[in-house]
Novice: 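Quick one: this structure, given as structure tokens, is what I'll be asking you about.
All residue numbers in this chain count up from 1 along the given sequence. Just so it is clear, the model here is predicted, and its values are computed rather than measured. The figures that follow rest on heavy atoms only: side chains count, while hydrogens, waters and symmetry mates do not.
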Amino acid sequence: MEDAYARSVSEVLDFFGVDPTKGLSDSQVVQHSRLYGRNVLPEEKRTPFWKLVLKQFDDLLVKILIVAAIVSFLLALANGETGLTAFLEPFVILLILAANAAVGVITETNAEKALEELRAYQANIATVMRNGCFSILPATELVPGDIVEVTVGCKIPADLRMIEMSSNTFRVDQAILTGESCSVEKDVDCTLTTNAVYQDKKNILFSGTDVVAGRGRAVVVGVGSNTAMGSIHDSMLHTDDEATPLKKKLDEFGSFLAKVIAGICVLVWVVNIGHFSDPSHGGFFKGAIHYFKIAVALAVAAIPEGLPAVVTTCLALGTKKMARLNAIVRSLPSVETLGCTTVICSDKTGTLTTNMMSVSKICVVQSAEHGPMINEFSVSGTTYAPEGTVFDSNGLQLDLPAQSPCLHHLAMCSSLCNDSILQYNPDKDSYEKIGESTEVALRVLAEKVGLPGFDSMPSALNMLSKHERASYCNHYWENQFKKVYVLEFTRDRKMMSVLCSHKQMDVMFSKGAPESIIARCTKLLCNSDGSVVPLTAAARSELESRFHSFGDETLRCLALAFKTVPQGLQSISYDNENDLTFIGLVGMLDPPREEVRDAMLACMTAGIRVIVVTGDNKSTAESLCRKIGAFDNLGDFSGMSYTASEFERLPAVQQTLALRRMTLFSRVEPSHKRMLVEALQNQNEVVAMTGDGVNDAPALKKADIGIAMGSGTAVAKSASDMVLADDNFASIVAAVAEGRAIYNNTKQFIRYMISSNIGEVVCIFVAAVLGIPDTLAPVQLLWVNLVTDGLPATAIGFNKQDSDVMKAKPRKVGEAVVTGWLFFRYLVIGVYVGLATVAGFIWWFIYSDGGPKLTYSELMNFETCALRETTYPCSIFEDRHPSTVAMTVLVVVEMFNALNNLSENQSLLVITPRSNLWLVGSIILTMLLHILILYVHPLAVLFSVTPLSWAEWTAVLYLSFPVIIIDELLKFLSRNTGLRFRFRLRKADLLPKDRRDK
């Protein structure tokens, strides 16, 4: 029933055919269950394991590698090759891809397991009337039309329509749905508001919200997907996941690389068509296969096989670093997405604030001797923990607050005129409330004030266990005063009172709205000496002024008073609530987290805009924004603060302009949050959405990165990419810095692998063009790509975070991984790597003392060796020494190149290898592995290599070291004339760029 809020109680009951005194009959339950369905949210379809595995292969580079492995395998079969060496290349490629897939699957599976644990927080029972009697049933068995009894501490099991109130007031905490920081009063009257939002539906109790005050009965009007929470759940299921910026860039790079590889392979094959019929091949067809194998080897050389694994490993390492920062990553790519976040849409309640109402100010009358002298105290502590101190108006700490008469009586009244419970939960290691937030705040205040008459009070309280400490002082006052009668809060009186008996004396304590309490007071308590004096007009005026000043600070204000009544009185009435003695005013708020202000400043420095999004009213939210620094140095908030209705009334063009300046978006409901995220994404912003409530879930799902709070609802966590274990907004800033550092390192090792692979392509291409024997065997290329490239590339991921990483503006979404001048730089390095490798191969044949010392012409015509007379055996061209020298040159030159990638532009003299010992270690390990395959005979046979002499090692070093000098020169040009080079190459970027650049 969608419009139950606009119908009268009788209309709603008639619609479901239910008698409120008897409830549904068994037959009606069966009928309604069949008609409306069960009271369960449909489970999110879990990705089957096989789909999870296939998802890891949904990458263009990976697909190219799989094709290369299959082609290599088919060629080996066509060529009649047998044994391990024939199929080693495709086997190793597939093995590496399987390992990469395993890392991704394990990470995503662990996230799913964590979600299963989080779902244990859902509500599960309800008190239901059926067949004329009440029984406790599982919440899943509720059907529309059921009569449910709800009371303080109860979690609402479905969407209910109030039909009867058994108390004077009924309040619900619906912050998880609407984001309102204060509980909401409910009633049975129908709502006449047109286009009513959740906040307007005063007679509806929403599923998953908590009753904090009162008792009543309600009829179920919505179950499962037909609840407010269900609609949010459905909107989450219909949100498609967006590809992350890095994924888009890697896909673009893969597409570009595929075209280049295809072009070069075809070119090499076509260039050598004239050699297909050479006698050494044994026929045209075999010659074609031979050069096709060279083309495949070229493809293997061009593709950085280790790139998917290295990217996944780097992101996985990033998740571990994030976990140390209390940020639990559910999706690996979201680590990198944080680095280019431009806007954080932050929920207010529970994210920027503690969602724990606490007393921050106290106002009492110090003395009335020479006119009213008002004294204000401030109270520290922003949670329900009974930890905090009281400070006087000069900022000095009060060692024994309970010795001040007014604070003493405030603590008594706060403890006794109170129906809430404060308790310690050892499982969560936190203090929790049962009841109204404002009443719990008063209980916490009583604990902070302490007890009178004990000089060792603060230290003595600290020695108690957390369970005892939770309400020690409150229990003391409850033991001293016996509650006799309670006058509950009503809307017309705006106050509540409690009659207490203490040692032959009866006292009535009252609390309520300041205007109601002060109007009923005729006397006041002086804090200076504890005397009670008449409340003069001047004092009344001064107190009202202070009360309004509290309101200007958007503090929720309560006044407390007491009255001595005749002994033996067993009950009190509204008539007794006069001639009261004023004790003081307390101002409370849902306080901002202490670390949020610094985090906001860090975001601004990093070029990240923060938009506060809340269901609260505009003035309360603006006050918070002032406190956390969102409105720093601004006197006028116009154009920066909008309510949802104000924003919707703006023309489309003005909405676009408003989004660019917006800092606060208030009085919103879930659909507005998602609309905000979509609108920002349409302006090419990378949006992070933080939140903890059910109301945040659709926006969390839609955002580029959804960040849920650890203490938030399971629905929010299910929708998020990342969960903050400590609920700390400041952790986001640390996570963003880590995300930026991870991207920078990812960019560095991608560049390193590109330059290395360019070298391998140049090597094979030049050898094919020159017509010399195959410089490197495919298995050797594979070894270089996977082991000697992979280890240093992974270690580059450990490069230290730049000190100014959070001083730079967010990178553009369309920024290519390698473009312009940088690509030219790595092309130069790659060309040198390739030429040095070919030079090492040629050197052994022509100049090496251990080689045949051929002429260049003889080397070029090696294919005709068997057809002419020579002074050397033709088997010399099958010697493993030249390819071993070439392979070793390639390995060593790439180790030097890895050192070049310690920094993009800084010299090795400035950022030394000592700055990344992981890289140094990986280079040492790589060289040990290479020496292992050279000098261990079975491995040498497998990789077609042979041990090298000292002279050959010397030649390798001479050919390899210049790569350091070349890159130092290129870095020098980058530092000094890089702008000119970048400008010249800007229009002809050699890698694709997204047109969405801002």
Novice: What pairs with R597 under salt bridge (charged side-chain N to carboxylate O under 4.0 Å, His left out), at least two apart in sequence or on another chain?
Specialist: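 D632.
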Novice: Kindly say whether E595 contributes a backbone atom to a donor-acceptor pair with the side chain of R593 at under 3.5 angstrom?
Specialist: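 Answer holds: no.
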Novice: For F547, enumerate each residue passing the ring-ring contact (aromatic ring centres under 6.0 Å, His included) test, keeping only those at least two apart in sequence or located in another chain.
Specialist: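 F547 satisfies ring-ring contact (aromatic ring centres under 6.0 Å, His included) with no other residue.
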Novice: Heavy atoms, side chains only, cut-off 4.5 Å: are L445 and V586 in contact?
Specialist: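 Contact flag for L445/V586 side chains = yes.
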Novice: Between H408 and W477, is the ring centroid distance below 6.0 Å?
Specialist: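 Here the rings of W477 and H408 have centres that are less than 6.0 Å from each other.
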Novice: Assert yes or no for the condition that the ring centre distance of F377 to F391 is strictly below 6.0 Å.
Specialist: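 For F377 and F391, the ring centres are not under 6.0 Å apart.
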Novice: Report, as yes or no, whether the 6.0 Å neighbourhood of atom NE2 on H467 holds more than 12 heavy atoms from other residues, nucleotides or ligands.
Specialist: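 At most 12 heavy atoms, drawn from other residues, nucleotides or ligands, come within 6.0 Å of this atom.
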Novice: Using the salt bridge (Lys or Arg N to Asp or Glu O under 4.0 Å) rule, take R667 and E646 through it: C-alpha gap first, then chi angles, then the decisive distance, then the call.
Specialist: CA-CA 10 Å; R667 212 60 184 163; E646 288 172 349; over 6 Å; no
Novice: Do E185 and K202 meet the salt-bridge criterion of a basic N to acidic O distance under 4.0 Å?
Specialist: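 No, K202 and E185 are not salt-bridged.
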Novice: May I ask you to check whether Q366 and N527 show a side-chain donor-acceptor distance below 3.5 Å?
Specialist: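 Per modelled atom types, Q366 and N527 side chains form a pair under 3.5 Å.
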Novice: I need the minimum non-hydrogen distance between C413 and L560, along with the two atoms involved.
Specialist: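 For C413 versus L560, the nearest heavy atoms are SG-CD2, 3.5 Å.
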Novice: Which is it for E544 and R540 under the salt bridge (Lys or Arg N to Asp or Glu O under 4.0 Å) test, yes or no, and what are the steps along the way?
Specialist: CA-CA 6 Å; E544 288 175 352; R540 192 184 300 273; 5.7 Å; no
Novice: If you define the side chain from C-beta out and look only at heavy atoms, does anything of L543 sit under 4.5 Å from V365?
Specialist: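 Sidechains of V365 and L543: in contact.
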Novice: Ignoring hydrogens, what is the shortest heavy-atom contact between I517 and A561? Give both atom names and the distance.
Specialist: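 So the minimum-distance heavy-atom pair works out to CG2-CB, 3.9 Å.
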Novice: Applying ring-ring contact (aromatic ring centres under 6.0 Å, His included), which residue pairs with at least one partner in residues 555-580 are found, sequence neighbours left out?
Specialist: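 Every pair satisfying ring-ring contact (aromatic ring centres under 6.0 Å, His included) with a residue in residues 555-580: H409-F562.
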Novice: Could you check whether E387 pairs with K448 (Lys NZ or Arg NE/NH1/NH2 to Asp/Glu carboxylate O, under 4.0 Å)?
Specialist: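 Looking at K448 together with E387, the answer is no, because their closest N to O distance does not fall below 4.0 Å.
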Novice: Would you compute the distance between atom OH of Y476 and atom CE of M412 and round it to the nearest 0.5 angstrom?
Specialist: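 Output value for this atom pair is 9.5 Å.
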Novice: Mind checking ring-ring contact (aromatic ring centres under 6.0 Å, His included) for F170 and listing every partner two or more places apart, or none if nothing turns up?
Specialist: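 Not a single residue meets the ring-ring contact (aromatic ring centres under 6.0 Å, His included) criterion with F170.
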Novice: State whether a side-chain donor-acceptor pair under 3.5 Å links K466 with Q423.
Specialist: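 Their side chains do not contain a donor-acceptor pair, so the 3.5 Å distance test is not met.
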Novice: Donor-acceptor check, side chain of D529 to backbone of S531, threshold 3.5 angstrom: yes or no?
Specialist: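 Here the side-chain-to-backbone pair exists.
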Novice: Give me the atom names and distance for the closest heavy-atom approach of L724 to S731.
Specialist: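 Reported closest heavy-atom pair: CD2-CB, 3.9 Å.
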Novice: Do the non-hydrogen side-chain atoms of C603 and V733 ever get within less than 4.5 Å of each other?
Specialist: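 They are in side-chain contact.
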Novice: Specify the closest pair of heavy atoms between R469 and P386, including all atoms of both residues, with the distance to one decimal.
Specialist: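 So the two residues come closest at NH2-O, 3.4 Å.
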Novice: Checking E376 against S393: is there a side-chain donor and acceptor pair closer than 3.5 Å?
Specialist: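 Result is no, nothing qualifies.
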Novice: Would you say N203 and D189 make side-chain contact, with heavy atoms under 4.5 Å?
Specialist: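 Side-chain contact under 4.5 Å: no.
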Novice: To the nearest 0.5 Å, what is the distance between CG (L524) and CG (L580)?
Specialist: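 Between L524 CG and L580 CG, I get 12.5 Å after rounding to 0.5 Å.
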Novice: Assess the side chains of S501 and D506: does a donor N or O sit below 3.5 Å from an acceptor N or O?
Specialist: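 Result is yes, a qualifying pair exists.
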Novice: Tell me, yes or no, whether the heavy-atom count around E594 atom CD, taken from other residues, nucleotides or ligands under 6.0 Å, exceeds 12.
Specialist: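 It does not: E594 CD has 12 such atoms or fewer within range.
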Novice: Which pair of non-hydrogen atoms, one from L525 and one from P405, has the smallest distance, and what is that distance?
Specialist: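 Smallest interatomic distance, heavy atoms only, reads CD2-O, 3.9 Å.
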Novice: Going by heavy atoms in the side chains, are T522 and L535 under 4.5 Å from each other?
Specialist: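 No; the side chains remain at least 4.5 Å from each other.
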Novice: May I ask you to check whether over 12 heavy atoms, not counting those of K494, lie within 6.0 Å of atom NZ?
Specialist: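 Incorrect, the count does not exceed 12.
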Novice: Side chains of R546 and S549: any donor to acceptor distance under 3.5 Å?
Specialist: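 On atom types as modelled, these side chains do not qualify, holding no pair under 3.5 Å.
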Novice: With distance as the sole test, does S516 use its side chain to make a donor-acceptor pair with the main-chain N or O of G512 at under 3.5 Å?
Specialist: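 Judged by distance alone, no pair lies under 3.5 Å.
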Novice: Between atom OG of S437 and atom CG of L442, what is the distance when rounded to the nearest 0.5 Å?
Specialist: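 Separation between the atoms: 11.0 Å.
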Novice: Assess the side chains of D200 and Y5: does a donor N or O sit below 3.5 Å from an acceptor N or O?
Specialist: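 D200 vs Y5: no donor-acceptor pair found between side chains.
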Novice: We want to know whether E436 and S420 form a side-chain donor-acceptor pair, criterion being a heavy-atom distance below 3.5 angstrom.
Specialist: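 Not at all, the side chains of E436 and S420 share no donor-acceptor pair under 3.5 Å.
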Novice: For the residue pair D590 and T353, confirm or rule out a side-chain donor-acceptor distance under 3.5 Å.
Specialist: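 Yes, T353 and D590 have a side-chain donor paired with an acceptor closer than 3.5 Å.
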Novice: Just wondering, more than 12 heavy atoms not from Q504 lying within 6.0 Å of its CD?
Specialist: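 Atom CD in Q504 is not packed in, count stays at 12 or less.
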Novice: If you define the side chain from C-beta out and look only at heavy atoms, does anything of V498 sit under 4.5 Å from C417?
Specialist: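 Heavy-atom side-chain distance check passes, below 4.5 Å.
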Novice: How far apart are the C-alpha atoms of K186 and Q174, what are their side-chain angles, what is the distance that settles it, and do they pass the side-chain hydrogen bond (donor to acceptor under 3.5 Å, both in side chains) test?
Specialist: CA-CA 11 Å; K186 297 291 185 178; Q174 54 187 38; 3.1 Å; yes
Novice: Any non-hydrogen side-chain atom of V150 less than 4.5 Å from a side-chain atom of L205?
Specialist: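 Yes, side chains in contact.
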Novice: Return the set of residues passing salt bridge (charged side-chain N to carboxylate O under 4.0 Å, His left out) with D598 (not counting sequence neighbours), or none when no residue passes.
Specialist: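 Applying salt bridge (charged side-chain N to carboxylate O under 4.0 Å, His left out) to D598 gives none.
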Novice: Is there a donor in the side chain of S346 and an acceptor in the side chain of T690, or the other way round, less than 3.5 Å apart?
Specialist: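 Yes - a donor-acceptor pair under 3.5 Å links their side chains.
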Novice: Kindly indicate, with the supporting measurements, whether the criterion side-chain hydrogen bond (donor to acceptor under 3.5 Å, both in side chains) is fulfilled by T389 and Q397.
Specialist: CA-CA 7 Å; T389 50; Q397 181 179 331; 4.5 Å; no
Novice: Going by the rule ring-ring contact (aromatic ring centres under 6.0 Å, His included), which residues pair with F509 if we only count those two or more places apart in sequence or in a different chain?
Specialist: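 In terms of ring-ring contact (aromatic ring centres under 6.0 Å, His included), with neighbours along the sequence ignored, F509 is linked to F481.
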Novice: Drop me the distance from T438's OG1 to K433's NZ, to the nearest 0.5 angstrom.
Specialist: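 So the gap between those two atoms works out to 9.5 Å.
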Novice: Any heavy-atom pair between the side chains of M496 and K511 that's under 4.5 Å?
Specialist: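 Yes; the side chains approach each other to less than 4.5 Å.
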Novice: Checking side-chain polar atoms at under 3.5 Å, does S528 have a donor or acceptor matched by the opposite partner on S367?
Specialist: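 No pair is found: no donor N or O on one side chain lies under 3.5 Å from an acceptor on the other.
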Novice: Only one of D419, V444, V212 passes side chain to side chain contact (heavy atoms under 4.5 Å, CB included) with E439; say which it is.
Specialist: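 The residue from D419, V444, V212 that satisfies side chain to side chain contact (heavy atoms under 4.5 Å, CB included) with E439 turns out to be D419.
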Novice: How far does CG of L407 sit from OG of S414, to the nearest 0.5 angstrom?
Specialist: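 These two atoms lie 10.0 Å from each other.
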Novice: Could you walk me through whether E542 and S545 pass side-chain hydrogen bond (donor to acceptor under 3.5 Å, both in side chains), step by step?
Specialist: CA-CA 5 Å; E542 183 64 26; S545 173; 5.1 Å; no
Novice: Given salt bridge (Lys or Arg N to Asp or Glu O under 4.0 Å), test K563 with E577 step by step and report yes or no.
Specialist: CA-CA 9 Å; K563 174 184 180 180; E577 292 178 326; over 6 Å; no
Novice: Hey, could you give me the NZ/OG distance between K361 and S378, rounded to the nearest 0.5 Å?
Specialist: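 Going from NZ on K361 over to OG on S378, the span is 8.0 Å.
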Novice: Is the shortest distance from a Lys or Arg side-chain nitrogen in E478 or R443 to a carboxylate oxygen in the other one below 4.0 Å?
Specialist: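 Answer for the salt bridge query: yes.
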Novice: Looking at every non-hydrogen atom in both residues, tell me the closest pair between F665 and A644 and how far apart they are.
Specialist: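 Smallest heavy-atom distance, with atoms named: CE1-CA, 3.7 Å.
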